[in-house]
Amino acid sequence: MENNRIDLLIHNIGTLITMQGTQEPRRGGEMSEVAAVRRGAVAVRDGIIVAAGSEEEVLAQIGERPVTHKHDAEGKLVTPGLIDPHTHLVHGGSRENELALKLKGASYLEILAQGGGILSTVRSTRQASEEELYVKAKKSLDTMLSYGVTTAEAKSGYGLTLEDELKQLRVTRKLNQEHPVDLVSTFMGAHMVPEEYKGRSQEFVQLIIEEMLPEVKRQGLAEFCDVFCEHGVFSVEESEQILLAAKAMGFGLKIHADEIEPMGGAQLAGKLGCISAEHLLAASDEGLEAMQRAGVIAVCLPATSFNLRLKHHARARRMIEMGLSVALSTDYNPGSSPTESIQLVMTLGCLNLGMSPEEVLTAVTINAAHAIGKADTIGSLEAGKQADLVIFNADNLAYLPYHFGINHVHSVFKQGKMVVSDGKRIH
């Protein structure tokens, strides 16, 4: 009987949101279907969910099996662990000096043209040691965990030389091995044309294709390849070159598309069958239709448009009406979105993107899981998936985006183990 034990039973859940119901990314009206259960419970064995649903149903399923540990959720709200599918976690330095420039009206591209922006962080990242990058990123990852994030994507792209890109990716690998938050690694050597290649972007594209991508693949340091397709960065043609080469090597494809100007990045995402296209503030209806036809997930980043003081945001409402799958993410980075708070993003998803609390939660759980290719193991609370879940100091979902600017997390469980208690990381 002991071999049939239940390691953990979380019971007396006021509202349990399971996200059960479909194996595909939620699109259109499906994004409002969150499978909420009153007075719920979750049973866990060896870090995997055995049963999740109403307390009555879960207790009936586990029957007389011995329970090692019972955790009283005290009538609180429980959701799947939150997933942040677009971050630039590993980087050197910070760019608070750019705040004054922004307040004077300087645009993102104007700051970049002055040698600031991404190029500033590239200089800091190149100068930083691997250990320094690790310590800095670990601190941010602790913060993300305390806000309920149990899995995150992490992009390189602040090295822009082979060795400095590998340095970032090694830090991501080490954090994934040592930190409770699972990390999905994305190679983004095509984040910017470095200063030493100014005016010679095609040479840098060839360096990425011929040297960087093969070495990243050889060392197994990334699952995805991403490109910043934007005016003054990489053209649609250059982006396609890089992504086709990456696809041929077995990388999954992502693209920073149509963030500032309508370049046609969304159309390219559809053409190449990218798993996701990110930003999309300037994406045309034609681009969104191409994504919809190809099943590309739209990853919207409302903290970025908020921080850049833009008057427009990604058209998430239109995307949902068109039948796209929408995910949300912090875009945590030192320039355009220096925040680790996925909960702030959830509020902005409601206030600036016009999404409902149910759509927002879908966007940071099951759809975010699909956006990083991990929906078979995370993103919902159902038998066979990892026991990644969050207990919030709330009794209903709407309270999370409504009461903004604070951390609502009470506890976080990662693979059935409590890693945050009373809002604080357990070491």
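Reckoned from all heavy atoms, side chains included, excluding hydrogens, waters and symmetry mates.
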Engineer: Before giving the answer on ring pair (Phe, Tyr, Trp, His ring centres under 6.0 Å), spell out for Y332 and H91 the whole-Å C-alpha distance, their side-chain angles and the decisive distance to 0.1 Å.
Structural biologist: CA-CA 11 Å; Y332 169 60; H91 61 264; 5.6 Å; yes
Engineer: Checking T186 against D226: is there a side-chain donor and acceptor pair closer than 3.5 Å?
Structural biologist: no
Engineer: Assess, by modelled atom type and distance only, whether the side chains of N12 and E55 contain a donor and an acceptor separated by less than 3.5 Å.
Structural biologist: no
Engineer: Looking at K271 and E240, is any side-chain nitrogen of the basic one under 4.0 Å from a carboxylate oxygen of the acidic one?
Structural biologist: yes
Engineer: According to side-chain hydrogen bond (donor to acceptor under 3.5 Å, both in side chains), does anything in residues 362-374 pair up with another residue at least two apart or in another chain? List the pairs.
Structural biologist: E223-K374
Engineer: Say whether E57 and Q61, considering side chains only, have a donor N or O and an acceptor N or O under 3.5 Å apart.
Structural biologist: no
Engineer: Who are the ring pair (Phe, Tyr, Trp, His ring centres under 6.0 Å) partners of H279, not counting sequence neighbours?
Structural biologist: H86, H256
Engineer: Looking at T15 and D395, would you say the former's side chain and the latter's main chain have a donor-acceptor pair under 3.5 Å?
Structural biologist: yes
Engineer: Mark yes or no for whether R65, through its side chain, and N4, through its backbone, hold a donor-acceptor pair below 3.5 Å.
Structural biologist: yes
Engineer: With a 3.5 Å distance limit and no angle check, can you tell me whether E358 reaches the backbone of E33 through a side-chain donor-acceptor pair?
Structural biologist: no
Engineer: Go through it in stages, so that I can follow the logic: the residues are Q206 and Q202, the test is side chain to side chain donor-acceptor pair (under 3.5 Å), and I'd like the CA-CA distance, side-chain angles, deciding distance and then a yes or no.
Structural biologist: CA-CA 6 Å; Q206 291 308 121; Q202 189 56 41; 3.1 Å; yes
Engineer: Under the 3.5 angstrom rule, does the side chain of E130 hit a backbone N or O of V171 as a donor-acceptor pair?
Structural biologist: no
Engineer: Tell me, do H231 and I260 make a side-chain contact under 4.5 Å, heavy atoms counted?
Structural biologist: no
Engineer: Any side-chain heavy-atom pair from M19 and L361 closer than 4.5 angstrom?
Structural biologist: yes
Engineer: Do D422 and H410 have a side chain donor and acceptor closer than 3.5 Å?
Structural biologist: yes
Engineer: Any side-chain heavy atom of E178 within less than 4.5 Å of one from Y134?
Structural biologist: yes
Engineer: Quick one: ring pair (Phe, Tyr, Trp, His ring centres under 6.0 Å) partners of H71, sequence neighbours excluded?
Structural biologist: F413
Engineer: Is the closest side-chain donor-acceptor distance between S185 and R173 under 3.5 Å?
Structural biologist: no
Engineer: Under 3.5 Å, is there a donor-acceptor pair linking the side chains of S201 and E238?
Structural biologist: yes
Engineer: Got L133 and R170 here, is their nearest side-chain heavy-atom distance under 4.5 Å?
Structural biologist: no
Engineer: So, D142 versus H179: side-chain donor-acceptor pair below 3.5 Å or not?
Structural biologist: yes
Engineer: Tell me whether the rings of Y399 and H408 are parallel (<30°), tilted (30 to 60°) or perpendicular (>60°).
Structural biologist: perpendicular
Engineer: So, S380 side chain and E382 main chain: donor-acceptor pair closer than 3.5 Å or not?
Structural biologist: no
Engineer: Can you tell if the side chain of R317 reaches within under 4.5 Å of the side chain of L353, non-hydrogen atoms only?
Structural biologist: no
Engineer: Within a strict 4.5 Å, meaning less than it, do heavy atoms of the I118 and V233 side chains meet?
Structural biologist: no
Engineer: Can you list the steps and then say if Q219 with E215 is a side chain to side chain donor-acceptor pair (under 3.5 Å)?
Structural biologist: CA-CA 6 Å; Q219 295 191 31; E215 188 59 22; 2.7 Å; yes
Engineer: Side-chain contact test, heavy atoms from C-beta onward, threshold under 4.5 Å: evaluate it for L89 versus T172 and give yes or no.
Structural biologist: no
Engineer: Apply side chain to side chain donor-acceptor pair (under 3.5 Å) to the pair R126 and T161, showing each step before the final yes or no.
Structural biologist: CA-CA 9 Å; R126 288 178 175 180; T161 66; 4.9 Å; no
Engineer: Quick check against the 3.5 Å criterion: does D182 have a side-chain atom that pairs as donor or acceptor with the backbone of N176?
Structural biologist: no
Engineer: If we only count heavy atoms from C-beta on, is the P401 to P357 side-chain gap below 4.5 Å?
Structural biologist: yes
Engineer: Main chain of A128, side chain of K167: is a donor-acceptor contact present, judged purely on distance under 3.5 Å?
Structural biologist: yes
